[in-house]
Amino acid sequence: MSRIQVRVAGTVQGVGFRPHVYRLAHELALDGFVLNDSRGVLLEVEGPGPSIDEFLERLRSEAPPLARIEHVEAAELEPSGIPGFAIVSSRGGGDQDAPVSPDTATCADCLAELLDPGDRRYRYPFINCTNCGPRFTIVRGVPYDRPLTTMAGFRMCALCQAEYEDPLDRRFHAQPNACPDCGPTLRFGSLRGEAALEAALAALGGGQIVAVKGIGGFHLACRADVPAAVDRLRARKHREDKPFALMVSDVAGARELVDLEPAEEELLVSRARPIVIAAWRDGAGVAPGVAPRSRELGVMLAYSPLHHLLVAARPLVMTSGNISDEPIAYADDDAAARLDPIADAFLLHDRPIHTRTDDSVARAGVMLRRSRGYVPDSLELPVPVPRPVLAVGAELKSTFCLAKGTRAWVSHHIGDLKNYETLLSFREGVAHFERLFAVTPELVAHDMHPDYLSTREALEYDEPTFAVQHHHAHLAAALAEYGETGPAVGAIYDGAGYGTDGTIWGGEILVGDLAGFDRAGHLRSAALPGGDRAVAQPWRMACAWLVEALGEEPPVPGPLVDLVDPKRWRAVARLTRTAGRTSSMGRLFDAVAALCGVRAEVNFEGQAAIELEALADPTARGAYPFDAGLDPREMILAIRRDVEAGVPVGIVSARFHTAVARGTAAAVRATGLETVVLSGGVFQNRLLAARTLAELGDLRCLVPRLLPAGDGGISFGQAAVAAVAAFA
């Protein structure tokens, strides 16, 4: 007879791991116990050596679907001779090191019960079990037990309690476990429960806009096939052009809207249930206003029981519950105040949300926004941080990252820190993660930009700070995601980042590793007339690049004649002589979009480039001149000539994308390195990324997958750089 103590680390709480251990132990006739504590799962088993060996093998191979085992440590003990196997109470205290599971889509078993008229949870919008349901958004602390969740105020009825206490039941210690008799309840005006649901369905069916309280916040929902409803939502939300996300009940419903590649379908049905951006299917029955001037739709599958009940009849627009640029509403009173001018009605429930989380978004297997369904899963750093680190990220598409040892927790999407409510959400999120994962930072990493609000937040801490150059952080994030330290050459293309020379970078060829970098090349710089106004008005960048290419003041290009006042154009042309300069690839895309007449002004970040990509003709051949020197002046003039000659915009766009891909490949190859990183927000452009990868086919290319290539991954890169450079 032998006895061992086993420590299991990873995402092993609230995922049915203890009943898994219990069932294995009983099946193999082993004695002992299992419990949760602040570090994960601790267990002891006693019995014949071969049975214990089989137990350890099956502990991993047959783990529950939501478990993510990072490591298992076993130590020999003296046999105790105490018979039986038990699940014992959780232990608190000590350093917390028990990852909390992300919120997870409704499992097949719960969905079957939801739709079974004979089940006691038939059409109950809060059905869940240990394999699915809310986790991160309801947890207040660890160990992950009901008293430390927002379900603490709901006392289980006798039937639910019996399920909760039965180790052989699918709902054993499912902390959100509930039923219509004892759990959360829907509310629609004065109606409750099923009546509230039916009233909400009737309102949606009649073309009304309904604010729906979900897992991590509010959505604004309306019928996707009613143009008047979609247009009304767009007007009230002050979201002029940015596409709306759609929700459908299943893959078959998604296929009616978009053409899905295998990788996209796999992502769509994953337990995270992100919004997947895919090609708009001909004949899709949705209003054109869902995604103006786009060839793509963002589609997600229902991921909560309530969503399944709402979209059973038809696809719905399901967009974030906010006014543009504000954080998503998640508290009832906040939603009532902010969404009342938008929504015709509210579908509420009385289960509090502790942490707001937006829906995650992916495109072509690349993460654009990492939030619900993925957070707070940790990522591994290739080099451990000697002491705990807080990395505060960038200013737009903000995330933060806490790192301890080799583990890094990148936060959910926070948003634009220039919005005060978002800044408060950032602070609350940092404090929550510090409590949840017992991390007390001893160093704060931040961007080099002195005026970023994230930098100012970092400087408010009493702990030492460490500045990381913006594009180096992009390079480091991709390296660290792949478990590497470098060296590599990175083509890092984005809208703006503060350079080491005090200018605005954004089209960079960097050679480096986690410790440092050299600027091996960059896009030729041009004036940035008006600063942030040039971002909102791409015609300014068209003017700046024409001045750069011609060396003199150009006339207003034909496609912009009716869109730009000639006096303003001349004023901006003169301004280019004294304006600051930028090597931003994002602004070059803006300039080309404006030269083609695609977009003179934008309503959201990246709009001009997105619409330019959407127009590209996939059959077009050829490319404009653009070589390893990354000087686009000749290309700009060639584009102007083609546009004036009446060459279709689709062909111009395709030739431009191919030119940038070829020039990038040439610049990368000139460094002689064989490991390449493609990152920065510009590489979220599917066409550019695909053509660049094709040009670099014989080299080893690392493209961010787990984190966004844009600024949502910056904080992870800052933590990775700090691990190597800040403690030297």
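Please read these numbers as outputs of a predicted model, since none were measured by experiment.
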Expected list for residues 208-216: side-chain donor-acceptor pairs under 3.5 angstrom, two or more places apart:
from: K213; atom 1: NZ; to: D332; atom 2: OD1; distance (Å): 3.0
from: K213; atom 1: NZ; to: H349; atom 2: O; distance (Å): 3.1
from: K213; atom 1: NZ; to: R351; atom 2: O; distance (Å): 3.3

Output a table of donor-acceptor pairs, distance under 3.5 Å, between side-chain atoms of residues 242-254 and any protein atom two or more places apart or on a different chain; print 'none' if there are none.
from: D250; atom 1: OD1; to: A252; atom 2: N; distance (Å): 3.4
from: D250; atom 1: OD1; to: G253; atom 2: N; distance (Å): 2.8

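Residues T692 and F683 form a side-chain contact, since some pair of their non-hydrogen atoms from C-beta on lies under 4.5 Å apart. Looking at heavy atoms from C-beta onward, L379 lies in side-chain contact with V410 at the 4.5 angstrom threshold. Here the side chains of L297 and I277 are not in contact, with every heavy-atom distance at 4.5 Å or above. Side chains of R135 and V139 form no contact here, defined as non-hydrogen atoms less than 4.5 Å apart. Residues C129 and C107 are in side-chain contact: their nearest non-hydrogen atoms beyond the backbone lie under 4.5 Å apart. Residues L563 and W539 fail the side-chain proximity criterion, which asks for heavy atoms closer than 4.5 Å. Residues M318 and M300 are in side-chain contact: their nearest non-hydrogen atoms beyond the backbone lie under 4.5 Å apart. The shortest distance between side-chain heavy atoms of F188 and L197 does not fall below 4.5 Å.
In this structure, CG on L111 lies 6.5 Å from OG1 on T106, to the nearest 0.5 angstrom. The distance from the CD atom of E605 to the CG atom of L396 is 5.5 Å, given to the nearest 0.5 Å. In this structure, the separation between CG on L267 and CD on E261 is 12.0 Å, given to the nearest 0.5 Å. Rounding to the nearest 0.5 Å gives a distance of 8.5 Å between OG1 of T422 and CD1 of I414. One finds the CG atom of L347 at 10.0 Å from the CG atom of L309 (value rounded to the nearest 0.5 Å). One distance of note links CD of Q607 with CG of L612; it measures 12.0 Å at 0.5 Å rounding.
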Requested in this report: Apply side-chain contact (heavy atoms from CB on, under 4.5 Å) to the pair D494 and H474, showing each step before the final yes or no.
Outcome: CA-CA 10 Å; D494 62 7; H474 276 304; 3.5 Å; yes
Query raised in the report: Step by step, would you call T658 with R691 a side-chain hydrogen bond (donor to acceptor under 3.5 Å, both in side chains)?
Result: CA-CA 6 Å; T658 302; R691 293 191 176 181; 2.5 Å; yes
Report task. Show your reasoning for whether salt bridge (charged side-chain N to carboxylate O under 4.0 Å, His left out) applies to R236 and D344. Result -> CA-CA 11 Å; R236 292 181 185 177; D344 298 309; 2.9 Å; yes
Report task. Take M367 and L707, measure what side-chain contact (heavy atoms from CB on, under 4.5 Å) needs, and give me the verdict at the end. Result -> CA-CA 6 Å; M367 193 66 62; L707 291 171; 5.9 Å; no
Report task. Show the numbers, then the answer: is there a side-chain contact (heavy atoms from CB on, under 4.5 Å) between Y624 and D642? Result -> CA-CA 10 Å; Y624 293 114; D642 275 358; 2.8 Å; yes
Report task. Show the numbers, then the answer: is there a side-chain contact (heavy atoms from CB on, under 4.5 Å) between D241 and R293? Result -> CA-CA 8 Å; D241 298 299; R293 303 181 72 173; 5.6 Å; no
Query raised in the report: Could you walk me through whether R686 and E613 pass the salt bridge (charged side-chain N to carboxylate O under 4.0 Å, His left out) check?
Result: CA-CA 8 Å; R686 184 196 304 222; E613 178 194 1; 5.3 Å; no
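Around the CD atom of E266, the shell of radius 6.0 Å holds no more than 12 heavy atoms that belong to other residues, nucleotides or ligands.
The two atoms that bring P618 and R295 nearest to each other are CD-NH1, 4.5 Å, heavy atoms only. Residues A291 and R234 come closest through the heavy atom pair N-NH2, 4.4 Å. Scanning both residues, A542 and A594, for their nearest heavy atoms gives CB-CB, 3.8 Å. Of all heavy-atom pairs spanning I138 and P176, the tightest one is CD1-CG, 3.8 Å. For the pair A105 and R273, the tightest heavy-atom approach, listed with the atom from each and the gap, is CB-CG, 3.3 Å. Taking all atoms of both residues into account, the shortest heavy-atom contact from T399 to H413 is CG2-CA, 4.2 Å.
A donor-acceptor pair is defined here as one N or O able to donate and one able to accept, closer than 3.5 Å; such a pair exists between the side chain of N685 and the backbone of L688. Under the 3.5 Å distance criterion, the side-chain polar atoms of R599 are left unmatched by any main-chain donor or acceptor of A608. In this structure, the side chain of T149 engages the main chain of M151 through a donor-acceptor pair within 3.5 Å. Although no hydrogens or angles enter the test, the distance criterion places no donor-acceptor pair under 3.5 Å between the side chain of E601 and the main chain of P538. Of the possible donor and acceptor atoms, one in the side chain of K237 sits under 3.5 Å from a partner among the backbone N and O of S320. Without hydrogens or angle criteria, R621 side chain to T619 main chain gives a donor-acceptor distance under 3.5 Å. Put simply, the side chain of T664 gets close to the backbone of V660: a donor and an acceptor are under 3.5 Å apart. Judged purely by atom type and a 3.5 angstrom limit, S360 uses its side chain to pair as donor or acceptor with the backbone of S371.
Salt-bridge formation is detected for the pair R372/D359: a Lys NZ or Arg NE/NH1/NH2 atom is positioned less than 4.0 Å from an Asp or Glu carboxylate oxygen. Taking 4.0 Å as the cut-off between side-chain N and carboxylate O, E264 and R363 do not count as a salt-bridged pair. Taking the charged nitrogens against the carboxylate oxygens, R170 and E113 do have a contact shorter than 4.0 Å, which makes a salt bridge. The pair D259-R281 meets the salt-bridge criterion, with a side-chain N (NZ, NE, NH1 or NH2) lying under 4.0 Å from an Asp/Glu carboxylate O. Salt-bridge annotation for R255 and E265: present, with a side-chain N of the basic residue lying under 4.0 Å from a carboxylate O of the acidic one. Using a 4.0 Å cut-off between charged side-chain N and carboxylate O, E198 and R123 make a salt bridge. The pair D225-R223 meets the salt-bridge criterion, with a side-chain N (NZ, NE, NH1 or NH2) lying under 4.0 Å from an Asp/Glu carboxylate O.
The ring-ring contact (aromatic ring centres under 6.0 Å, His included) check on F136 picks up H412, F433, with sequence neighbours excluded. Shown here are the salt bridge (Lys or Arg N to Asp or Glu O under 4.0 Å) partners of D340, two or more places apart in sequence or in another chain: there are none. Partners of D181 according to the side chain to side chain donor-acceptor pair (under 3.5 Å) rule, which considers only residues two or more places apart in sequence or in another chain, do not exist here. Among residues two or more places apart in sequence or in another chain, the side chain to side chain donor-acceptor pair (under 3.5 Å) test is passed with R239 by T319.
With ring centers used as reference points, Y124 lies 6.0 Å or more from Y122. Aromatic ring centroids of F589 and Y493 lie 6.0 Å or more apart.
Within the cation-pi definition used here (under 6.0 Å to the ring centroid, within 45° of the axis), R271 does not qualify as a partner of Y303.
Using a 3.5 Å distance cut-off with no hydrogens or angles, the side chains of D103 and T137 do pair a donor with an acceptor.
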